[in-house]
Number of protein chains: 2
Amino acid sequence: MKIRIESFVELCHEKGIKVTQQRIEIFKAIVQAKDHPDAENLFHKLRKKLPTLSLDTVYRTLWVLNDLGVITTLGSSRERTRFDGNLSHHHHFVCNRCGLTSDFYSDELNSLKVPDSLAELGNIEQTHVEIRGTCKTCINKVFKQIQSDKSSKGSRS
Amino acid sequence: MKIRIESFVELCHEKGIKVTQQRIEIFKAIVQAKDHPDAENLFHKLRKKLPTLSLDTVYRTLWVLNDLGVITTLGSSRERTRFDGNLSHHHHFVCNRCGLTSDFYSDELNSLKVPDSLAELGNIEQTHVEIRGTCKTCINKVFKQIQSDKSSKGSRS
DNA sequence: TTTAATGCAAAAGATTTGCAACATG
DNA sequence: CATGTTGCAAATCTTTTGCATTAAA
């Protein structure tokens with residue numbers, strides 16, 4: 001834990017982000033929480049330590065932590081509820097950049113063997129594999145970005 | 001497609017739910033859509049056919065369809081954004097009833113082999129298995145519910 | 001001292017609800 | 001005809017934003 005905080009502080013320095021008491025406490029709270037809390041949960045927990053903390057700071061800080069890559073969100077958040085009319089057993093490829101979610105099929109993945117320890121958590125109804133990455137479209141965008149950066153910085157010295 | 005509509009209509013009859021033009025069209029739209037649309041997407045598509053359709057009917061109908069089990073949602077929706085401070089490679093068990101999300105670990109699942117066809121979609125950064133079912137707590141609740149139903153309906157004739 | 005982060009209040013966005021009019025069984 | 005469903009408008013709930021104040025580098 002101490003190590004995670006230290007490396008977090010270091011990362012903030014690297015990125016030129018200020019290390020505030022709020023950020024440290026919010027970071028500690030989300031790392032220690034094992035229940036995937038939402039912003040309001042954390043806000044209530046933290047208010048005991050930081051009585052002046054505001055909810056919008058919690059939101060802002062969580063997205064900062066997410067952008068730094070030191071926490072993640074459940075589901076591809078920051079989006080509205082999306083619905084799926086595909087009832088056949090399928091899996092998802094989700095683009096980390098644009099949220100595009102494509103179905104794919106795999107008999108092998110359909111019959112995944114899961115650890116026995118799961119029986120302790122409850123009974124299993126479906127298993128589903130979510131693969132995250134960068135979709136073709138976004139790869140192209142990034143590629144073009146790099147190209148234009150190169151040419152604007154001037155290649156001929 | 002025709003078959004899916006017919007069985008949907010039949011299911012509505014079974015459940016005592018009225019089959020309205022709106023429900024049929026919304027059902028068709030979500031089943032045909034391959035892009036996991038949100039309520040607003042569907043609303044705009046459908047407005048062309050049903051100019052008097054309202055957004056709240058789309059929402060209401062989608063949840064009806066979801067409750068009927070003929071569609072699903074992406075992520076455990078109807079919840080606020082939840083954050084995850086666990087950076088180690090892990091997987092999730094999600095309760096279909098209460099949304100409880102527990103982490104679990106499995107070396108085997110960490111090194112999952114995915115279909116080659118995925119390369120067409122983009123490049124892969126993480127793979128993550130989501131197992132859905134009913135958690136212990138909810139199983140107990142359902143069990144107690146059944147017990148009390150039995151006794152209130154009177155077992156001794 | 002310079003710049004970025006916080007807290008507040010207000011705004012914006014997404015989803016839900018009450019209710020009268022309407023359509024379905 | 002009785003009841004459930006729709007459309008509208010208003011309400012609610014979640015998340016974001018503008019801005020003056022405060023704290024970090």
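None of the values given here were measured: they were computed from a predicted structure. Convention: sequence-line order gives letters A, B, ...; per-chain numbering from 1.
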Quiz prompt | Base D:dG4 to side chain B:Arg60, donor-acceptor N/O within 3.5 Å cut-off | solution =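 It does not, because no donor-acceptor pair links the side chain of B:Arg60 to the base of D:dG4 below 3.5 Å.
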Could you check how far [atom1] of [X] sits from [atom2] of [N], rounded to whole Å?
X: B:Leu53; N: D:dT5; atom1: CG; atom2: P; result: 15 Å
X: A:Lys15; N: D:dA25; atom1: NZ; atom2: P; result: 17 Å
X: B:Leu42; N: C:dA14; atom1: CG; atom2: C1'; result: 15 Å
X: A:Asp56; N: D:dC13; atom1: CG; atom2: C1'; result: 16 Å
X: A:Asn66; N: D:dT16; atom1: CG; atom2: P; result: 11 Å
X: A:Ile17; N: C:dT6; atom1: CD1; atom2: P; result: 11 Å
X: A:Arg82; N: C:dA14; atom1: CZ; atom2: P; result: 14 Å
X: B:Leu62; N: C:dA14; atom1: CG; atom2: P; result: 15 Å

Practice problem: Would you classify A:Gln22 as touching base, sugar-phosphate or nothing, given that sugar-phosphate means primed atoms plus P, OP1 and OP2, and contacts are heavy atoms under 4.0 Å? | Solution: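 A:Gln22: backbone/sugar contact only, no base atoms under 4.0 Å.
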Exercise. Measure the acute angle between the ring planes of B:His91 and B:Phe104, then classify it against the limits of 30° and 60° as parallel, tilted or perpendicular.
Key: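 Rings of B:His91 and B:Phe104: tilted, as their planes differ by 30° to 60°.
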Self-check item: Geometric class of the B:His90/B:His128 ring pair [parallel <30°, tilted 30-60°, perpendicular >60°]
Solution: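 The rings of B:His128 and B:His90 stand perpendicular, inter-plane angle above 60°.
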State which of [options] makes the closest approach to the side chain of [X].
X: A:Trp63; options: C:dG7, D:dT14, D:dT16; value: D:dT16
X: A:His13; options: D:dC8, D:dA25, C:dT15; value: D:dA25
X: A:Thr52; options: C:dC8, C:dG7, D:dT6; value: C:dG7
X: A:Ser54; options: C:dG7, D:dG4, C:dA5; value: C:dG7
X: B:Tyr59; options: C:dA14, C:dT6, D:dA24; value: C:dA14

So does [X] have more than 12 non-hydrogen atoms from other groups sitting under 6.0 Å from [atom1]?
X: A:Arg47; atom1: CZ; value: yes
X: B:Glu125; atom1: CD; value: yes
X: A:Glu108; atom1: CD; value: no

Compare side-chain N and O positions of [X] against OP1 and OP2 of [N] and report whether any pair is under 4.0 Å apart.
X: B:Arg23; N: C:dT24; value: no
X: B:Thr20; N: C:dT24; value: no
X: A:Thr81; N: C:dT15; value: yes

Quiz item: DNA chain D: A:Lys18 or A:Glu40, which has the more 5' nearest nucleotide?
Solution: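 First, find each residue's nearest nucleotide; the 5'-ward one identifies A:Glu40.
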Practice problem: With DNA chain D as reference, determine whether A:Leu55 or A:Gln21 sits nearer its 5' end, using the nearest nucleotide of each. | Solution: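 Result: A:Leu55.
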